[in-house]
Amino acid sequence: MPILGTEPTEYFLARCAPCVRPVRGDSPALRCPECGQQLKGDRLYAVTRDASCDGRCMSAVGPSCACSCGGANHGAAWSVGGGVPTVTTEETETALRAYRARVAQEEEKRRKRAQAQAAAARRAFEQWSTGREDVIAYLRETDLEQASDFVFDMSRLVRQFQPLTERQEAAVRRCMEYDRRRAAYAEQRAREAAEAQPVPTGQAITVEGEIIYAKCEEHYFGRGGTTDKMLVKGDGGWKVWSTVPAGLKRVGRAAPDDDFWGIKGKRVRFVADVTAAEDDKTFGRAKRPRSVKVLAGEKLS
């Protein structure tokens with residue numbers, strides 16, 4: 001950005017990042033003399049003041065000149081395509097070495113400053129991590145492709161050695177508890193499935209067991225309407241999916257997708273025609289359930 005009160009000149013300055021060198025010319029379309037890369041130059045703005053012009057002006061890299069040359073010598077050490085006749089190759093090479101040394105020094109300062117900041121952040125993280133090893137292990141070991149957006153973001157923070165807030169940590173612990181319960185449930189289901197016996201099949205089979213799930217299914221095709229369904233688990237570990245017999249009363253249902261808490265958990269006995277699933281002999285489907293009787297729990301009328 002030009003200094004207030006300056007006037008535009010016919011010169012342009014640009015910097016080639018790969019070669020670490022400035023370039024000056026009389027057109028905004030400049031080309032690096034070392035690598036040939038096309039560069040876009042900034043117009044040089046200058047103001048004439050009662051100040052002597054020295055090497056600092058000749059090797060300047062910014063687009064604003066405030067010395068007595070009025071921009072004529074500003075950045076002249078980097079001239080290409082016409083340039084300034086008074087500037088020698090030796091002067092350009094000397095200025096370029098000084099410029100590159102200054103850039104390297106600035107980069108080294110930035111690197112050390114970044115290292116110091118990273119070390120301080122790492123110390124703060126290590127201090128915070130004491131007593132939270134389980135949270136850190138959970139976030140670092142979680143499969144990020146399967147994780148929720150929240151867990152993904154928290155894992156990214158921990159991997160970058162950034163402490164979590166109290167609310168973030170509490171939320172992560174809730175996720176840990178949920179995953180623990182889900183894993184325990186999956187393990188229990190797998191164990192029950194491995195120990196389950198084949199479901200009894202045939203016509204007029206007596207089914208006896210506990211109602212572990214019940215719902216109202218909506219019919220989106222055909223006649224429409226709804227059908228009440230229940231899942232009964234027998235003592236052998238097998239399960240039967242059946243229509244709720246007319247002898248069982250639905251209790252406490254607030255919406256079609258809610259479980260029927262009035263019959264869930266009850267032990268019942270009924271007669272039905274049962275067929276086993278093709279891919280799971282421990283699971284059956286019952287048709288025409290009848291002669292239902294409640295064996296345990298409150299009597300359902």
Side-chain angles (χ1 to χ4, degrees), residues 1-6 8-9 11-25 27-47 49 51-81 83-84 86-130 136 139-140 153-165 168:
M1 186 174 182
I3 299 175
L4 186 63
T6 58
T9 71
Y11 306 115
F12 295 84
L13 277 172
R15 276 184 265 190
C16 178
C19 296
V20 193
R21 68 158 298 152
V23 181
R24 167 176 150 150
S27 168
L30 301 173
R31 186 181 295 274
C32 176
E34 296 189 23
C35 67
Q37 178 180 343
Q38 283 287 99
L39 305 173
K40 182 180 179 181
D42 294 324
R43 183 178 292 275
L44 173 62
Y45 287 78
V47 60
R49 292 181 179 176
S52 59
C53 183
D54 55 21
R56 290 176 298 178
C57 181
M58 297 282 288
S59 59
V61 297
S64 296
C65 178
C67 72
S68 61
C69 70
N73 297 324
H74 190 84
W78 323 119
S79 298
V80 295
V84 179
T86 59
V87 178
T88 66
T89 301
E90 182 179 355
E91 289 173 331
T92 299
E93 292 179 350
T94 300
L96 186 57
R97 284 194 298 270
Y99 172 76
R100 286 174 173 168
R102 186 168 66 252
V103 170
Q105 186 178 22
E106 292 174 353
E107 290 180 349
E108 179 65 15
K109 289 181 179 179
R110 284 194 294 268
R111 185 186 67 82
K112 290 183 177 180
R113 185 164 54 249
Q115 283 184 339
Q117 292 174 348
R122 184 66 177 267
R123 289 192 298 270
F125 179 82
E126 291 176 351
Q127 182 178 2
W128 171 83
S129 65
T130 303
I136 296 172
L139 292 175
R140 286 180 174 172
D153 291 341
M154 297 303 99
S155 178
R156 178 177 56 82
L157 291 177
V158 167
R159 292 168 192 264
Q160 294 175 352
F161 304 103
Q162 298 185 36
L164 306 183
T165 65
Q168 288 173 337

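For the numbers below, each heavy atom of this structure counts, side chains included, while hydrogens, waters and symmetry mates do not.
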Student: State, yes or no, whether a side-chain contact exists between Leu44 and Arg24 at a heavy-atom distance under 4.5 Å.
Tutor: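 Of all side-chain heavy-atom pairs linking Arg24 with Leu44, at least one is under 4.5 Å.
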Student: Quick check: do Trp128 and Ile136 have side-chain heavy atoms less than 4.5 Å from each other?
Tutor: yes
Student: Rounded at 0.5 Å granularity, tell me how far SG in Cys16 sits from CD in Gln38.
Tutor: 11.0 Å
Student: Is Arg111 paired with Glu107 through a side-chain N to carboxylate O contact shorter than 4.0 Å?
Tutor: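 Salt bridge flag = no for Arg111 with Glu107.
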Student: For Ala14 and Gly41, work out which heavy atoms get closest and say how close.
Tutor: CB-CA, 3.7 Å
Student: Taking side chain as C-beta onward, heavy atoms only, is Lys112 less than 4.5 Å from Lys109?
Tutor: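 They are not in side-chain contact.
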Student: Looking only at heavy atoms, which two atoms of Gly36 and Arg31 are closest? And how far apart?
Tutor: O-NH1, 2.7 Å
Student: Identify, with sequence neighbours excluded, every residue that meets salt bridge (Lys or Arg N to Asp or Glu O under 4.0 Å) alongside Arg123.
Tutor: none
Student: May I ask you to test the Arg21-Arg100 pair for a side-chain heavy-atom distance under 4.5 Å?
Tutor: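 When only atoms from C-beta onward are counted, Arg100 and Arg21 do touch, with a gap below 4.5 Å.
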Student: For Glu126 and Ser129, which heavy atoms make the closest approach, and how far apart are they?
Tutor: O-OG, 2.8 Å
Student: Identify whether NZ of Lys or CZ of Arg in Arg43 sits under 6.0 Å from the centre of the six-membered ring of Tyr11 and within 45° of that ring's axis.
Tutor: no
Student: Determine, step by step, whether Gln168 and Asp153 satisfy the side chain to side chain contact (heavy atoms under 4.5 Å, CB included) criterion, reporting the C-alpha distance in whole Å, the side-chain angles of both residues, the deciding distance to 0.1 Å, and the verdict.
Tutor: CA-CA 10 Å; Gln168 288 173 337; Asp153 291 341; over 6 Å; no
Student: For atom CD of Gln127, decide whether the heavy atoms of other residues, nucleotides or ligands shown that lie under 6.0 angstrom number more than 12.
Tutor: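 No, CD of Gln127 has 12 or fewer neighbouring heavy atoms, counting only those of other groups under 6.0 Å.
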Student: Would you name the heavy atoms of Val23 and Pro33 that are closest together and state the gap between them?
Tutor: CG2-CD, 3.9 Å
Student: Do Arg140 and Val158 come within less than 4.5 Å of each other through their side chains, counting heavy atoms only?
Tutor: yes
Student: Minimum heavy-atom separation for Leu39 and Arg15, please, with both atom names.
Tutor: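 Heavy atoms only, the tightest pair is CD2-O, 4.0 Å.
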Student: Do the side chains of Leu139 and Leu164 get nearer than 4.5 Å, heavy atoms only?
Tutor: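 A side-chain contact under 4.5 Å exists here.
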